[in-house]
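Below you'll find the structure, written out as structure tokens, and then a few comments.
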Amino acid sequence: MMWLFPSVALVFCLGPGNTVSQTSSTPLMVAGVLGEAVTLPLQLSAGWETEYITWLHNGTSVIFIQLSELRRPQVIVMDPRRKDRLQVTQSYSLQLSNLMMADMGTYRVQMGTKTSILFSDYTLRIFSESRSGI
Ligand SMILES: *[C@@H]1O[C@H](CO)[C@@H](O)[C@H](O)[C@H]1NC(C)=O
């Protein structure tokens, strides 16, 4: 569909001063225990210029936080199946409770300002019982 190309090009045509950056090339490994809770720590520093923070799981947005100087942050859980198990902390870290095997996988937090996008990756592994010594 040819008509799609102009708008796609526009999205990637960031002007000078606009940046997309990754905080680390290796994902942070996080381990959780089935049925328990885990927190994926936000490794980016949100500042006054931050407009949104979104957490993605396996490439799909699960929670979206819109930040504004004028009002409290608006938190929208994008995944209806996990509405009761997903939360963000005051520092915008992602908390998952009552862990299920399907919660495993790759997570990404993406933070946007007017001129930049920052992201950071995580790998969540889940064990079926707590193991000592790790
Ligand atoms: C995410 O990906 C992992 C690894 O491939 C998989 O085990 C898990 O079930 C997936 N979960 C969802 C909700 O897509």
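When a ligand or atom number is given, it counts from 1 through the structure's own listing order.
For the pair L42 and S93, the tightest heavy-atom approach, listed with the atom from each and the gap, is N-OG, 3.0 Å.
Side-chain atoms of S120 and Q43 include a donor-acceptor pair closer than 3.5 Å. Side chain to side chain, R82 and H57 meet the donor-acceptor criterion of an N or O pair below 3.5 Å.
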Could you list each nitrogen or oxygen of ligand 1 that sits under 3.5 Å from a protein nitrogen or oxygen, with the atom names and the distance?
residue	atom	partner	partner atom	Å
ligand 1	2 (O)	N58	OD1	3.1
ligand 1	2 (O)	N58	ND2	2.4
ligand 1	11 (N)	N58	ND2	3.0
ligand 1	11 (N)	A102	O	2.9
ligand 1	14 (O)	N58	ND2	2.9

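Under a 4.0 Å N-O distance rule, the pair K114/E51 qualifies as a salt bridge.
Residue L94 forms a side chain to side chain contact (heavy atoms under 4.5 Å, CB included) with just one option from V30, V38, L86, and that option is L86.
Note: Y52 and F64 have parallel aromatic rings, judged against thresholds of 30 and 60 degrees for the angle between ring planes.
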